[in-house]
Engineer: 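Would you mind keeping the following structure in view while I ask a few things?
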Amino acid sequence: MTVKKEKSRQGIVYRSFRAYLRFVHDKLFYRRVHVIGAENIPPDGVPVLIVSNHQNCLNDPLGVILSFSDRKPNAIVRADVFAVHPLADLFLRKLGLLPAYRLNFEGEESLGKNKDIFKVSEEALVNGRTILMYPESGHQDKRWLGDFSLGYTKMAFEAAEMDDFQTEIFILPSCNHYSDYFDIQQDILVKFGAPVSIKPYYELYRSKPRTAQRRVNAVVRERIAGMMLHITDLDNYGAIDFLRNTYGRKYAAEHGYNAGYLPDKLLADRAFFEALDDRKSKDETFVRQIYDDALKYEEEIKKLNIRDDHFDRLPGWGVIVASATALVVLFPAWLLSLCPNVIVYKAPEPVMRRIKDKMFYNSFLFAMSVLITIPVLYILSFVLVWMYVNVVVAVVYVLALPYLGLFAWYYRKYFVRTWQDIRFRHAAGTKKSAGKISALRELRAGIYERLNKILR
């Protein structure tokens with residue numbers, strides 16, 4: 001087969017839609033987007049198969065796709081994402097995503113549908129296009145790396161075979177990392193590692209295809225695991241995840257990391273878990289007791305609706321009164337900012353409550369906001385203001401709506417924090433709750449003292 005190398009073609013409709021998506025994604029949905037290792041991405045026109053961990057449904061491929069400005073990647077993702085809602089199916093296909101059917105999820109009868117999808121993707125790959133795949137065959141609900149199926153290596157080698165192994169094909173390891181999976185205005189990191197050329201494995205593939213696939217897979221998976229937060233101790237995952245977000249910030253600062261900068265926090269969390277796991281291998285009973293106490297401490301502060309950082313910074317009544325005053329003064333502005341933004345955030349909830357897998361929540365919220373609630377409600381707002389005021393005010397108002405939505409979100413967040421401060425200060429000063437606060441303070445101090453002892 002003779003192949004013709006081609007660069008990605010992006011029509012004006014796709015570029016416009018992507019610009020709109022990027023604005024909503026980078027400015028409204030997330031607070032900061034970090035793209036690390038972009039220099040490892042081969043030039044457009046070079047056959048590249050991007051392989052990534054998978055932890056947050058649609059948000060994972062979306063983060064990668066929006067990282068590129070010079071190409072239109074095609075992504076192959078789990079087929080059940082397309083079945084969530086007809087709206088999701090339409091949205092994903094517009095982005096260039098294609099379904100991959102799996103034996104354990106969609107059934108044996110559906111596997112035949114993969115043949116045409118993979119054939120088209122292999123031709124696109126050898127012709128110089130960029131393909132994105134998730135070999136875990138499903139998203140995880142924790143920060144760890146699952147087993148890889150070899151479907152992506154099969155695709156890469158079969159694509160090379162189309163051109164009689166004359167074309168060099170690269171597999172680009174990638175990882176996604178989030179400061180929080182479920183809340184908006186969090187941080188996201190997309191990281192690309194050094195590309196892996198499968199050309200050195202062509203001869204081995206001719207004689208032992210499965211062996212060549214396994215060797216490539218081992219290299220790629222190791223590189224992805226080396227970039228992400230891979231918490232292998234799943235039995236104690238809850239305690240480890242809680243500790244990295246509490247004590248872990250102290251650990252980061254003491255080891256020269258900026259805990260407020262997600263790329264740094266990722267490195268600190270990796271070092272923190274590795275140190276904990278190393279100590280657990282030497283003294284499992286001691287570390288397990290820390291984990292048990294951490295889960296007990298987490299449960300108690302949730303019951304009291306207080307935060308861990310209250311024990312580092314006791315809020316004074318003067319600060320609390322100033323915060324409450326600011327909230328009162330800004331309350332009318334908050335009411336104004338709710339319309340129509342509150343509908344943008346709340347309209348998807350009835351459908352989301354019927355979705356069993358919580359990792360779909362943010363993806364569905366994003367898709368529905370981008371395709372329905374934002375355009376419909378913002379256009380309706382524009383028309384109403386134009387009718388009752390004038391077109392200039394209508395334009396200014398609609399342009400301000402996204403930022404009014406952010407104001408509404410942060411106002412609510414600030415209100416919750418202030419209310420928690422009031423609860424903590426009140427509880428610490430009352431006889432009934434002071435004992436609980438004191439006991440929690442001692443429990444926390446004990447946890448931190450033992451962590452200091454084993455990690456310093």
Side-chain angles (χ1 to χ4, degrees), residues 33-43 46-56 59-61 63-65 67-68 71 73-77 100 121 125 129-140 142-157 159-160 167-178 188-202 204-205 209-234 257 262-274 277-278:
V33 178
H34 304 277
V35 179
I36 309 295
E39 67 277 4
N40 290 319
I41 302 172
V46 174
V48 178
L49 176 58
I50 303 173
V51 176
S52 177
N53 67 326
H54 201 12
Q55 297 187 343
N56 205 359
N59 300 49
D60 285 346
V64 173
I65 289 171
S67 299
F68 294 100
R71 68 191 73 190
N74 293 103
I76 299 177
V77 299
S121 299
L125 180 62
R129 297 294 299 277
T130 300
I131 307 294
L132 171 62
M133 291 187 71
Y134 295 93
E136 289 172 283
S137 299
H139 58 245
Q140 311 298 346
K142 298 178 178 66
R143 291 171 170 85
W144 68 288
L145 190 63
D147 294 330
F148 282 11
S149 73
L150 295 180
Y152 77 99
T153 58
K154 183 175 184 292
M155 173 183 287
F157 280 112
T167 298
E168 184 173 19
I169 292 177
F170 292 90
I171 297 177
L172 183 65
S174 173
C175 83
N176 301 279
H177 184 69
Y178 301 82
I188 176 177
L189 180 149
V190 180
K191 190 171 184 178
F192 298 102
V196 177
S197 171
I198 67 169
K199 190 173 183 179
Y201 300 90
Y202 284 170
L204 177 62
Y205 178 80
R210 200 68 175 175
T211 300
Q213 291 177 41
R214 283 196 293 265
R215 289 186 183 178
V216 170
N217 178 65
V219 173
V220 173
R221 190 179 184 280
E222 183 179 9
R223 292 192 184 182
I224 295 175
M227 292 189 291
M228 61 178 284
L229 178 57
H230 182 29
I231 299 177
T232 53
D233 187 0
L234 296 181
Y257 298 104
L262 188 59
D264 259 21
K265 186 65 166 61
L266 171 58
L267 296 176
D269 287 347
R270 284 174 51 86
F272 176 62
F273 167 66
E274 288 167 6
D277 210 43
D278 179 66

Engineer: With a cut-off of 6.0 Å (strictly less than), are more than 12 heavy atoms of other residues, nucleotides or ligands near CD of Glu222?
Structural biologist: no
Engineer: How about Arg215: does its CZ atom have over 12 heavy atoms from other parts shown lying under 6.0 Å from it?
Structural biologist: no
Engineer: Tyr202 versus Ile169: any side-chain heavy-atom pair under 4.5 Å?
Structural biologist: yes
Engineer: Check for a donor-acceptor pair, side chain of Arg270 on one end and backbone N or O of Gly226 on the other, with a separation under 3.5 Å.
Structural biologist: yes
Engineer: Please answer whether the main-chain N or O of Leu145 pairs with a side-chain N or O of His230 as donor and acceptor at a distance below 3.5 Å.
Structural biologist: yes
Engineer: Is the backbone of Lys142 close enough, under 3.5 Å, to the side chain of Gln55 for a donor and an acceptor to pair up by distance?
Structural biologist: yes
Engineer: Would you say Val64 and Ile50 make side-chain contact, with heavy atoms under 4.5 Å?
Structural biologist: yes
Engineer: Could you grab the distance from atom OG of Ser174 to atom CE of Met227, nearest 0.5 Å is fine?
Structural biologist: 6.0 Å
Engineer: Got Gln213 and Lys154 here, is their nearest side-chain heavy-atom distance under 4.5 Å?
Structural biologist: yes
Engineer: Could you check if a side-chain atom of His54 sits within less than 4.5 angstrom of a side-chain atom of Pro61, using non-hydrogen atoms only?
Structural biologist: yes
Engineer: Rounded to the nearest 0.5 Å, how far does OH of Tyr134 lie from CG of Asp60?
Structural biologist: 5.0 Å
Engineer: How close do Val35 and Ser67 get, counting heavy atoms only, and between which atoms?
Structural biologist: CG2-OG, 3.8 Å
Engineer: Looking only at heavy atoms, what is the nearest atom pair of Cys175 and Ile224, with distance?
Structural biologist: CB-CG2, 4.5 Å
Engineer: Which heavy-atom pair separates Gly151 from Met133 by the least distance, and what is that distance?
Structural biologist: C-CE, 4.5 Å
Engineer: Minimum heavy-atom separation for Leu204 to Ala212, with atom names?
Structural biologist: CD2-CA, 3.7 Å
Engineer: Please check this pair: side chain of Glu136 against backbone of Gly146, looking for a donor-acceptor N/O pair closer than 3.5 Å.
Structural biologist: yes
Engineer: So which heavy atom on Pro173 is nearest to which on Ile171, and how close?
Structural biologist: CD-O, 3.4 Å
Engineer: Would you mind telling me which of Asp269, Leu229, Asn53, Leu266 makes a side-chain contact (heavy atoms from CB on, under 4.5 Å) with Arg143?
Structural biologist: Leu229
Engineer: With rounding to the nearest 0.5 Å, note down the distance linking CD1 in Ile188 to CG in Asn59.
Structural biologist: 6.5 Å
Engineer: Does the plane of the ring in Tyr205 sit parallel, tilted or perpendicular to the ring in Phe157? Use 30° and 60° as the thresholds.
Structural biologist: parallel
Engineer: Any side-chain heavy atom of Asn217 within less than 4.5 Å of one from Tyr152?
Structural biologist: yes
Engineer: Just how far is it from atom CD of Glu274 to atom CD1 of Ile231, taken to the nearest 0.5 Å?
Structural biologist: 11.0 Å
Engineer: So, Ser197 side chain and Phe170 main chain: donor-acceptor pair closer than 3.5 Å or not?
Structural biologist: no
Engineer: Return the CG to CD1 distance between Leu172 and Ile131, rounded to the nearest 0.5 Å.
Structural biologist: 13.0 Å
Engineer: If we only count heavy atoms from C-beta on, is the Asn176 to Ser52 side-chain gap below 4.5 Å?
Structural biologist: yes
Engineer: Tell me the closest heavy-atom pair linking Leu150 and Thr153, and the distance in Å.
Structural biologist: O-OG1, 2.7 Å
